[in-house]
Amino acid sequence: MDEVIICEKPRSSEKIAKALFPNAKKKKYKKTYYWEHQEKNKKTIIIPAVGHLYTLKPKNPNDELFFDLEWAPVPEVDKKKRYVQDYIDAIDSLAKNADRYFHACDYDIEGTLIGYNVLKHLCGDEALQKTLRMKFSTLTRDDIIKAYENPIELDYGQVDSGIARHVLDFIFGVNISRSLMKSVKESTNRFIKLSAGRVQTPALSILVDREKAIRNFKPEPYWIIKAILEDDIIALNQRGRIFQKNKVKSILGECQGKDAIIEEVKINRINRMPPPPFNLGGLQAEAYRIFGLSPKKTQSIAQNLYLEGYISYPRTSSQKLPKTIKYEKIFKGLSKDPRFKEKIKNLKKPLKPHEGKKEDEAHPAIHPTGLLPKKLGKHEKKVYELIVYRFISAFSEKAIIESMNAKLNIGGEIFKFSRKKVAKKGWMKQYPYQKIEDEKFPLLKEGEKIPVKEIIAEEKETKPPARYNEASLIKEMEKRGLGTKSTRADIISILYDRKYIEGKKIRVTPLGENIIDTLKRYCEKITSEELTRQFEEELKKIMKGKTSKDKIIKKAKEEIISIIEEIEKNKEEIGKHLYKAYQKGRIIGKCPECEGNLLIRYSDKTKSSFVGCSRFPECKIVYPLPKGARILKSKCEKCGLPLISYGRPRQRACLDPHCGKSKKDKMEVVGKCPKCGNDLVKRSGRYGEFIGCKGFPKCRFTASIEEVIEKG
DNA sequence: GCAAGGTC
């Protein structure tokens with residue numbers, strides 16, 4: 001009897017194989033691995049997918065609108081994912097026509113669909129009829145064995161809602177994106193890559209709202225009143241921000257020149273528990289805070305560390321560290337590094353981690369495996385150590401913060417001040433990224449009178465809300481349920497790629513704002529979280545069998561048709577506005593030679609960006625842009641053009657590569673050398689300007705300017 | 001080309 005167990009990914013196939021058949025043989029197929037176990041007359045194959053092996057594509061790519069979709073192998077649709085082919089081939093050649101199948105992918109909608117598509121497309125005609133579902137919530141030995149011994153039926157509600165999720169995202173996102181691009185193309189004959197989607201558009205909308213709030217913000221002046229006393233004590237008037245100037249005057253009048261009476265001195269001790277172990281979002285936020293690494297970079301570093309076996313699975317939302325990960329073993333491994341050992345020796349037994357609230361059915365929080373890395377890159381090392389120290393901290397003792405809060409009465413006005421110091425360092429000593437406060441507590445007694453050096457009113461301004469950065473945007477998306485732990489960083493990078501947003505402190509470009517304004521008018525739903533909510537509800541109904549996927553898809557199709565019709569009707573206006581906004585965002589300064597603007601342009605011929613004048617072809621001013629160059633806000637001191645940053649390590653220079661160089665170096669090409677074919681350039685010599693070959697001194701061809709003009 | 005979701 002042949003038995004096949006289909007797993008979602010290589011890592012889980014290994015765990016499942018080892019749990020069910022400790023003696024199973026690990027075998028290789030091309031670059032992939034699977035497990036084989038022979039027992040009496042039963043042979044079992046445990047074999048992995050790599051996430052989705054199949055993806056949707058339009059049946060007919062020439063369709064105006066894409067509603068007719070079919071499943072196609074991922075590598076066929078996405079050339080960057082050729083590695084998936086080996087996994088498909090492995091299943092195709094090893095897992096066909098078995099006597100029974102186990103669907104052992106993650107127990108969620110996507111996992112169910114991953115396994116379903118494998119069974120449907122790769123395992124032979126009858127495979128799905130011979131399929132049982134393993135249901136487990138953790139990849140622990142006990143859970144896996146239980147799931148194998150008590151399999152359930154495949155839940156077709158789950159399958160259908162998975163299919164519906166893919167279809168809905170595709171027909172909304174792709175069709176609306178295409179219609180936006182089409183309106184630009186047809187009204188301006190220009191191509192700009194544009195996109196909209198259930199997750200990226202609401203994310204962009206959050207940023208636009210913030211952008212508008214910042215723009216519309218009117219700073220208001222306010223005052224805070226401070227009392228300066230001895231021992232560097234600065235006490236704050238408890239009224240906080242005062243917006244009326246005359247009130248400030250009257251308060252100053254009340255308390256100026258008077259002594260302070262200490263009304264109250266409170267000393268408190270507060271326990272500060274260690275920070276929770278990392279889930280992916282937490283790691284991304286902390287790596288951004290401490291090292292300035294982008295969430296996408298952190299994610300790919302974590303993925304590498306995981307593949308090398310140094311850390312656990314990083315795509316987790318859990319902040320829990322269950323005993324089953326075997327604390328002792330991990331610490332034993334880590335202790336081989338003296339720097340880690342130094343911290344680990346401070347841990348008190350029994351080992352018990354302080355955990356966070358968030359859970360993940362499939363994986364524990366990110367933690368080191370105990371296997372020490374041999375050689376790591378600069379950033380990899382930083383992220384790895386961050387994970388290790390965070391892990392050690394979770395097992396460390398709480399810290400105790402001692403605080404002093406004092407209330408002073410100065411001429412009837414109450415002033416407050418507080419001081420903090422760490423009374424017991426606990427985990428703070430273990431986590432090198434933690435600031436340890438150590439303020440001195442002045443000796444103050446209740447009822448005592450102390451002199452006041454000065455009372456001052458400081459004028460300040462209310463500040464606009466802060467801009468998001470990548471890390472804080474990920475947190476916001478997490479809070480609103482937009483995207484998943486594994487997609488958020490990628491979605492933000494799409495917003496950058498499309499030039500909807502720019503900068504570390506994220507600013508929205510005119511194009512980004514225009515996309516949102518346009519979609520708000522024609523398809524408000526896609527700009528808010530509403531579409532995600534609606535999907536969630538409908539998918540739940542499909543799952544419970546309360547409605548069918550076909551009904552839901554049909555409804556969505558009608559909705560999209562009416563949206564696209566509206567866009568189509570107004571395509572002239574939409575397209576022109578989008579293009580104009582796109583151009584506006586590309587302006588980087590004034591042209592030094594004419595009245596035009598300098599724009600970032602793209603050459604299809606050289607497949608690279610450059611800077612050129614908006615009055616082209618009348619004005620032919622161009623500047624090259626090195627690959628990966630960024631145009632800075634600051635200007636060149638010599639010529640006023642913007643500065644650029646480029647190369648590795650990053651260096652700064654004027655946009656004009658000839659800026660600051662003498663005229664001699666600025667070679668103006670006037671034609672081809674008749675002698676050697678090299679460029680002819682204008683040069684200046686002792687007797688004025690002349691034309692010479694660029695190949696000098698190899699080629700010594702020269703001519704006078706008049707001669708060249710004469711002969712053309 | 002266009003989405004969002006899995007994963008090496």
K.L.:
For the side chain of A:V50, starting at C-beta, report the closest nucleotide among B:dG6, B:dT7, B:dA4.
P.N.:
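Closest nucleotide among those given: B:dT7.
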K.L.:
Could you check whether A:S486 gets within reach of a base, just the sugar-phosphate, or nothing at all, counting any heavy atom under 4.0 Å?
P.N.:
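Base contact.
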K.L.:
Answer with base, sugar-phosphate or nothing: what part of the nucleic acid does A:T484 contact at a heavy-atom distance below 4.0 Å?
P.N.:
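Sugar-phosphate, no base atom in range.
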K.L.:
What is the separation between atom CE on A:M181 and atom C1' on B:dA3, rounded to the nearest whole Å?
P.N.:
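Atom-to-atom, A:M181 to B:dA3, this comes out as 11 Å.
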K.L.:
Counting only heavy atoms and a strict 4.0 angstrom limit, can you tell me which residues of residues 69-83 of chain A come near DNA chain B?
P.N.:
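Close to the strand are A:K81, A:Y83.
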K.L.:
For B:dG5, does either OP1 or OP2 sit under 4.0 Å from a side-chain N or O belonging to A:R165?
P.N.:
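Checking B:dG5 against A:R165, no side-chain N or O comes under 4.0 Å of OP1 or OP2.
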K.L.:
Round to the nearest Å and state the distance from A:R11 atom CZ to B:dT7 atom C1'.
P.N.:
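Going from CZ in A:R11 over to C1' in B:dT7 covers 14 Å.
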K.L.:
Want to settle it: does A:V174 or A:V84 sit nearer the 5' end of DNA chain B, counting the closest nucleotide to each?
P.N.:
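In this pair, the answer is A:V174.
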K.L.:
Which residue pairs pass the ring-ring contact (aromatic ring centres under 6.0 Å, His included) test with at least one member in residues 59-93 of chain A, sequence neighbours excluded?
P.N.:
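Checked against ring-ring contact (aromatic ring centres under 6.0 Å, His included) - neighbours excluded - the pairs reaching residues 59-93 of chain A are A:W71-A:H166.
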K.L.:
Between B:dA3, B:dA4, B:dG6, spot the one nearest the side chain of A:I491, thanks.
P.N.:
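Nearest to the side-chain atoms of A:I491, counting from C-beta on, is B:dA4.
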K.L.:
Are A:Y34 and A:Y29 an aromatic pair, judged by ring center distance below 6.0 Å?
P.N.:
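No: the rings miss the under 6.0 Å criterion.
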K.L.:
Let's see if you can work this out: which of B:dT7, B:dC8, B:dG1 has an atom nearest to the side-chain heavy atoms of A:Y306?
P.N.:
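Looking only at side-chain atoms, A:Y306 lies closest to B:dC8.
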K.L.:
According to a strict under-4.0 Å criterion, is A:R315 in side-chain N/O contact with OP1 or OP2 of B:dC8?
P.N.:
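For B:dC8, OP1/OP2 do have a side-chain N/O of A:R315 under 4.0 Å.
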K.L.:
For a quick test of reading the model, state the closest non-hydrogen atom pair linking A:A196 to A:L180 and the distance between them.
P.N.:
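Heavy atoms only, the tightest pair is CB-CD1, 4.4 Å.
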K.L.:
B:dT7 phosphate, OP1 or OP2: any side-chain N/O from A:Y313 under 4.0 angstrom?
P.N.:
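Affirmative; the distance criterion is met.
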K.L.:
Whole angstrom is fine here: how far is it from CD in A:E308 over to C1' in B:dT7?
P.N.:
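My rounded result for the distance is 16 Å.
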K.L.:
CD1 of A:I88 versus C1' of B:dC8: gap in Å, rounded?
P.N.:
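That distance rounds to 13 Å.
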K.L.:
Just how far, in rounded Å, is C1' of B:dA4 from CD1 of A:I492?
P.N.:
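Distance, rounded to whole Å: 14 Å.
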K.L.:
Ion pair present between A:K296 and A:E470, side-chain N to carboxylate O less than 4.0 angstrom?
P.N.:
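A salt bridge is absent here (no side-chain N lies under 4.0 Å from a carboxylate O).
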K.L.:
Check whether any side-chain N or O of A:R488 sits under 4.0 Å from OP1 or OP2 of B:dG5, and answer yes or no.
P.N.:
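For B:dG5, OP1/OP2 do not have a side-chain N/O of A:R488 under 4.0 Å.
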K.L.:
To the side chain of A:L307, which of B:dG6, B:dG1, B:dC8 is closest?
P.N.:
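Ranking B:dG6, B:dG1, B:dC8 by closest atom to the A:L307 side chain puts B:dC8 first.
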K.L.:
For a quick check of understanding: with a heavy-atom distance under 4.0 Å over all strands, which category does A:A49 fall into, base, sugar-phosphate or nothing?
P.N.:
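Here A:A49 touches no strand at all.
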K.L.:
So is A:R210 actually on top of A:Y468's ring, under 6.0 Å and inside 45° of the axis?
P.N.:
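Ring-cation test returns yes.
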K.L.:
Can you find a heavy atom in the side chain of A:Q534 that is under 4.5 Å from one in the side chain of A:R198?
P.N.:
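They are not in contact (no side-chain heavy atoms under 4.5 Å apart), so the answer is no.
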K.L.:
Using a 4.0 Å heavy-atom cut-off, does A:F191 contact any base of the nucleic acid, only the sugar-phosphate backbone, or nothing at all?
P.N.:
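Result for A:F191 = base.
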K.L.:
Round to a whole Å and report the spacing from OH of A:Y54 to C1' of B:dT7.
P.N.:
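In whole Å, B:dT7 C1' lies 16 Å from A:Y54 OH.
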K.L.:
Looking at A:Q303, does any N or O in its side chain come under 4.0 Å of the phosphate oxygens OP1/OP2 on B:dC8?
P.N.:
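Checking B:dC8 against A:Q303, a side-chain N or O does come within under 4.0 Å of OP1 or OP2.
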K.L.:
OP1, OP2 of B:dG1 versus side-chain N and O of A:R498: anything below 4.0 Å?
P.N.:
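So the side-chain polar atoms of A:R498 never come under 4.0 Å of the phosphate oxygens OP1 or OP2 of B:dG1.
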K.L.:
Is a salt bridge present between A:K554 and A:D550, judged by a nitrogen-to-oxygen distance below 4.0 Å?
P.N.:
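Here A:K554 does not pair with A:D550 in a salt bridge, since their nearest N and O are not under 4.0 Å apart.
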K.L.:
Could you check how far OH of A:Y87 sits from C1' of B:dT7, rounded to whole Å?
P.N.:
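For the pair A:Y87 OH and B:dT7 C1', the rounded distance is 9 Å.
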K.L.:
Please report, rounded to the nearest Å, how far the C1' atom of B:dG6 is from the CG atom of A:D360.
P.N.:
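Atom CG in A:D360 sits about 14 Å away from atom C1' in B:dG6.
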K.L.:
With heavy atoms under 4.0 Å as the rule, sort A:G483 into base, sugar-phosphate or nothing.
P.N.:
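Sugar-phosphate, no base atom in range.
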K.L.:
Inspect the contact between A:E513 and A:K584 and indicate whether a charged nitrogen and a carboxylate oxygen are less than 4.0 angstrom apart.
P.N.:
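Not counted as a salt bridge, because no side-chain N and carboxylate O are separated by less than 4.0 Å.
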K.L.:
Show, in sequence, the C-alpha distance, side-chain angles and deciding distance for A:K185 and A:M181, and conclude whether the side-chain contact (heavy atoms from CB on, under 4.5 Å) test is met.
P.N.:
CA-CA 6 Å; A:K185 180 78 194 169; A:M181 288 188 275; over 6 Å; no
